[in-house]
Colleague: 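Okay, handing you the structure first.
Starting from 1, each residue takes its place in the sequence as its number. The structure presented is a predicted model; accordingly, all values stated were derived computationally and were not measured.
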Amino acid sequence: MSQFNIGSKAFTAGESLEAFRRVKLSAGSGTQVEYADAGEDFIGITAAAAALGEHISVDLKTRGRTFKLVVAGAITAGGSFYGANDGKVSATESGSIQGKVLEAAASDGEIIEGLLA
């Protein structure tokens with residue numbers, strides 16, 4: 001019987017990617033991902049870092065579980081988060097609410113836990 005991680009998928013990094021950041025499919029591709037920026041939708045969260053052209057595991061966007069996320073600045077526990085540039089999340093409104101944070105963060109680059117909307 002084969003074992004696999006339900007909810008994760010391997011893609012090719014379309015740019016250098018850091019762990020715990022939102023990604024979207026690259027234009028015209030079903031196998032390559034790049035950062036989702038402010039106001040953009042995303043398909044999942046990177047599980048680890050990868051250099052351009054390397055394989056990267058993406059935890060696909062699902063409800064009912066938590067994700068580690070990198071913030072773009074201070075955010076309050078229990079607050080809503082929105083997409084920010086370079087795959088980060090922010091308390092600053094940009095597009096639609098993407099989820100709620102379970103932990104507070106004081107500065108850019110901190111890793112917190114959040115639930116997707």
Colleague: Got a second to check how far His55's NE2 is from Thr31's OG1, nearest 0.5 Å?
Modeller: 8.5 Å

Colleague: Please tell me if the side chains of Ile45 and Val58 come closer than 4.5 Å, counting only heavy atoms from C-beta onward.
Modeller: no

Colleague: Which heavy atom of Ala13 sits nearest to which heavy atom of Ala51, and what is that distance?
Modeller: CB-O, 3.5 Å

Colleague: For atom NZ of Lys68, decide whether the heavy atoms of other residues, nucleotides or ligands shown that lie under 6.0 angstrom number more than 12.
Modeller: no

Colleague: Let me know which of Leu116, Ile112, Leu102 forms a side-chain contact (heavy atoms from CB on, under 4.5 Å) with Phe67.
Modeller: Leu116

Colleague: Is Lys100 positioned over the aromatic face of Phe81, cation under 6.0 angstrom from the ring centre and no more than 45 degrees off axis?
Modeller: no

Colleague: Distance-only, no hydrogens or angles: does the Arg22 side chain make a donor-acceptor pair with backbone N or O of Glu40 under 3.5 Å?
Modeller: yes

Colleague: Please check if the side chain of Asn85 supplies one atom and the backbone of Ala38 the other of a donor-acceptor pair under 3.5 Å.
Modeller: yes

Colleague: Decide yes or no for Tyr35 and Arg21: does some side-chain heavy atom of the first lie under 4.5 Å from some side-chain heavy atom of the second?
Modeller: yes

Colleague: Nearest heavy-atom pair of Ser8 and Ser57: which atoms, and what distance?
Modeller: CB-OG, 4.0 Å

Colleague: Return the minimal non-hydrogen interatomic distance between Ala72 and Ala84, and the atom names on each side.
Modeller: CB-CB, 3.8 Å

Colleague: Is Glu54 atom CD crowded by more than 12 heavy atoms from other residues, nucleotides or ligands, each under 6.0 Å away?
Modeller: yes

Colleague: For the residue pair Glu113 / Thr66, report whether a side-chain donor-acceptor contact shorter than 3.5 Å exists.
Modeller: yes

Colleague: Determine the sole option in Leu115, Val89, Ile75 for which the side-chain contact (heavy atoms from CB on, under 4.5 Å) test with Leu69 is passed.
Modeller: Val89

Colleague: Looking at Gly99, is its backbone amide N or carbonyl O close enough to the side chain of Tyr82 to form a donor-acceptor pair, meaning the two atoms are under 3.5 Å apart?
Modeller: no

Colleague: When you look at Val71 and Asp108, which way does the side-chain contact (heavy atoms from CB on, under 4.5 Å) test go after all the steps?
Modeller: CA-CA 6 Å; Val71 299; Asp108 180 50; 6.0 Å; no

Colleague: So, the side chain of Thr46 versus the backbone of Glu18: is there a donor-acceptor pair under 3.5 Å, distance only?
Modeller: yes

Colleague: Counting distance only, does the side-chain N/O of Glu110 pair as donor-acceptor with the main-chain N or O of Ser107 below 3.5 Å?
Modeller: yes

Colleague: Just wondering, do Phe42 and Val23 contact through their side chains at under 4.5 Å, heavy atoms?
Modeller: no

Colleague: Using the side-chain contact (heavy atoms from CB on, under 4.5 Å) rule, take Thr12 and Ile56 through it: C-alpha gap first, then chi angles, then the decisive distance, then the call.
Modeller: CA-CA 6 Å; Thr12 301; Ile56 186 165; over 6 Å; no

Colleague: Taking side chain to side chain donor-acceptor pair (under 3.5 Å) as the criterion, tell me which of Lys24, Gln98, Lys61 meets it with Asp41.
Modeller: Lys61

Colleague: Which distance, rounded to the nearest 0.5 Å, do you find between the OG of Ser16 and the CG of Leu52?
Modeller: 6.0 Å

Colleague: What heavy-atom pair brings Asp59 and Ala47 nearest, and what distance separates the two atoms?
Modeller: OD2-CB, 4.0 Å

Colleague: Do Ser26 side-chain atoms and Ser29 backbone N/O form a donor-acceptor pair below 3.5 Å?
Modeller: no

